[in-house]
Amino acid sequence: MAAPCRRMASVTLLYFRSCFRRTAVGSAGVRQLSTTSVCGVTLQTKSRTEKPPSPWTLMAAVCLQRLPVISADCSPVEQRFRQMLQQMELEKSLVSEHELRLLEDAERLSRKQADDYDSDDEGSHGDQDIVLAQDLEDSWEQKLQTFQPGLRVNADADEDLTSLERCLADPLVLVAEQQVGGDKLWLLPQTQWQEGETLRQTAERALNSLPAAGLKATFLGNAPCGVYKYKLPKAARTESTVGTKVFFFKAILSDSGAPAAPSASLLWAKKSELQRYLKPAYMMKVDRFVLAL
């Protein structure tokens, strides 16, 4: 009976050892698989965060407009419409206090010229010098004759494109002569974007970098109103630089401060004059958001 018991004990021991080896190998395989998956996820995350730099150079430009200072001249249709409104107001209006006073003065003078005039009937106004409404009109007319209105049209200033006082009845746009590559071009004031600032901050920096000091503007929002994109010549392209994207921001001249000396590199042009200085493709983009009010 001893031999069969030994055989059974040895078989049981061998079976236990084989099971233990399988469990150990399986556990090692599971640990190795989990490590590989974690490394794969880490590599994918790094590849997503480390994106290559954009081949486009970003720039921001400001479209600075000076609004009309005086009202524009009326067209023939507007003049006829104004005359019609004035006639309608005159027909439907009531008598004003000044007109009532004119009637009272005329009635008082007619009573004084009557034969049965009695000064006691005038009450407290009988012994006082009365200023007639007609006398007031005469004094107002004399003041009007001495008043000299400002000129609506100044031919000398209108021809000077560097003057901010030209074409007071029209909106003007600031155009600057800037260096682009090896050429000097007339553009809206622009500068290159720097990391860490918004595009609006870049446009504000472009305005502050102009030679004309004292220009204060109110920017109309944080979003650009237009974009212009162009590619560099093939000979000048590289893997990291393909072209340039210019984002435009609108601004209104709020206060020019002290009059600055005219600068030949800055022009104040009407919308109809922009095509003389801007390139056709560039002008096509600018024409979309510049309004000739």
Evaluate R66 against W268 for side chain to side chain contact (heavy atoms under 4.5 Å, CB included), listing each step before the verdict. CA-CA 9 Å; R66 190 219 67 185; W268 292 95; 4.1 Å; yes

Out of curiosity, [X] [atom1] to [Y] [atom2], how far, rounded to the nearest 0.5 Å?
X: L168; Y: S71; atom1: CG; atom2: OG; answer: 11.0 Å
X: Q190; Y: F249; atom1: CD; atom2: CZ; answer: 13.0 Å
X: M88; Y: S93; atom1: CE; atom2: OG; answer: 12.0 Å
X: L187; Y: K279; atom1: CG; atom2: NZ; answer: 9.5 Å
X: L267; Y: R276; atom1: CG; atom2: CZ; answer: 10.5 Å
X: R101; Y: Q134; atom1: CZ; atom2: CD; answer: 11.5 Å

Salt-bridge criterion met for [X] and [Y] (N-O under 4.0 Å):
X: K271; Y: D287; result: yes
X: R200; Y: E204; result: yes
X: R166; Y: E273; result: yes

Within-4.5 Å side-chain heavy-atom neighbours: [X] and [Y]:
X: L132; Y: L102; value: no
X: L232; Y: V242; value: no
X: K250; Y: F219; value: no
X: W193; Y: Q201; value: no

For residues E141 and Q145, is any side-chain donor paired with an opposing acceptor at under 3.5 Å?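 Side-chain D/A pair, E141 to Q145: present.
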
Are side-chain N/O atoms of Q87 and E91 paired as donor and acceptor at under 3.5 Å?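 Distance-only check passes for Q87 and E91.
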
Report the residue from W186, F248, Y230 that forms a ring pair (Phe, Tyr, Trp, His ring centres under 6.0 Å) with Y282.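 The single option meeting the ring pair (Phe, Tyr, Trp, His ring centres under 6.0 Å) with Y282 is F248.
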
